[in-house]
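Here's the structure we're looking at; comments come further down.
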Amino acid sequence: MKKVLSSEITKAVRALCISAACNLEPDVAGALRTSLAREQSPLGRDVLSQIITNFEIADKESLPMCQDTGIAVFFIEVGRLVELDGSLEDAVNEGVRQGYKDGYLRKSVCHPLKRVNTGDNTPAIIHTTIVEGDRVKIKIAPKGAGSENMSALKMLKPAEGVNGIKAFVLDTVRSAGGNPCPPIVVGVGIGGSFEKSAILAKKALLRSIGSKHTDAEVAALEAELLKSINDLGIGPMGFGGVVTALAVHIETYPCHIASLPVAINIQCHAGRHKEAVL
Ligand code: SF4
């Protein structure tokens, strides 16, 4: 067994919160830079240039790239040979508490009805999986509300099939318009159950931009949807243009014969994600 201390997890999470807010990962930064040459609308190009300048300044000066530093979402894999000396949730939440305080990141978490801010951006949303090995892998994806609010979930009838899925994705992105701060990444979870499809959609956002699904049929659907979304003309920040989305990532899971859950999780251009392995 390998012992992992709560204090190590807290320290790693603190650092992840700050670096995710300030330093855009190369896959997202690269996709935004590449998209500039594709954009045909002058206003769209201007907006894209400003988005690029913004994340470059954030990176250089260690400043958050957006005022909405998000709710902290984690996907954590814990090796079955790992022995933790305390509560994983407590250690992660302490890291979030410290990271958001020390990094001067906006605390955006409140009671859902009373709307009273918790004051330290906790609790985090934590998805944990037990895996083989003796490592703890922590992935963070802070999520702003502008794009999260444009997400949707629908229990389709199986007879609606792939055409129903395509129509739902396009309707969702079309009605979102400029609200989720395009260029967006569209995570689509197909199958499983009501809640599983939503988690799949979120997880899909963590794939490296430009990566294709390993199933050729699903990869073809990703490419077709990306083209259809970019044909909608929404453009960067909704000002019109051909660069509405940088990628469509789909994840699938077997489902009940009588259902077809489909969840769509939209990620804005501030596609923040970081990873640490202990
Ligand atoms: S949607 Fe993204 S870029 Fe827009 S305000 Fe929210 S976090 Fe910032």
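Order of listing sets the numbers, starting from 1, for every ligand and every atom in it.
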Side chain to side chain contact (heavy atoms under 4.5 Å, CB included) between I250 and E222: does it pass, once the steps are laid out?
CA-CA 7 Å; I250 298 174; E222 289 176 338; 3.7 Å; yes
By number and element, which atoms of ligand 1 are closer than 4.0 Å to a non-hydrogen atom of [X]?
X    : value
C66  : 3 (S), 5 (S), 7 (S), 8 (Fe)
C268 : 1 (S), 2 (Fe), 3 (S), 7 (S)
D68  : 6 (Fe), 7 (S)
Q67  : 5 (S)
S147 : 1 (S)
G144 : 7 (S)

Please evaluate residues N23 and K274 with respect to the criterion side chain to side chain contact (heavy atoms under 4.5 Å, CB included), reporting the C-alpha separation (whole Å), side-chain torsions for both, the decisive distance (0.1 Å), and the verdict.
CA-CA 9 Å; N23 316 114; K274 291 278 171 190; 3.8 Å; yes
Protein contact to atom 4 (Fe) of ligand 1 [nearest heavy atom, distance to 0.1 Å]
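It is C181 SG, 2.3 Å.
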Backbone or side-chain N/O/S of H269 under 2.8 Å of atom 4 (Fe) of ligand 1:
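No, H269 does not qualify, because none of its backbone or side-chain N, O or S atoms lies under 2.8 Å.
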Which residue, I18, T69, T122, forms the side chain to side chain contact (heavy atoms under 4.5 Å, CB included) with Y100?
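The single option meeting the side chain to side chain contact (heavy atoms under 4.5 Å, CB included) with Y100 is T69.
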Treating Ile, Leu, Val, Met, Phe, Trp and Tyr as nodes and any side-chain heavy-atom pair under 4.5 angstrom as an edge, say whether V262 and M150 lie in one connected cluster.
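Yes: a chain of side-chain contacts under 4.5 Å links V262 to M150.
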Should R272 be listed as contacting ligand 1, given a heavy-atom distance under 4.0 Å as the test?
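Distance cut 4.0 Å: R272 passes for ligand 1.
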Criterion side chain to side chain contact (heavy atoms under 4.5 Å, CB included) on T10 and Q98, from CA distance to verdict
CA-CA 8 Å; T10 296; Q98 292 181 14; 3.8 Å; yes
Looking only at side-chain N and O atoms, does S193 offer a donor or acceptor that is under 3.5 Å from a partner on E195?
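E195 vs S193: donor-acceptor pair found between side chains.
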Is R207 paired with E251 through a side-chain N to carboxylate O contact shorter than 4.0 Å?
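Looking at R207 together with E251, the answer is yes, because their closest N to O distance falls below 4.0 Å.
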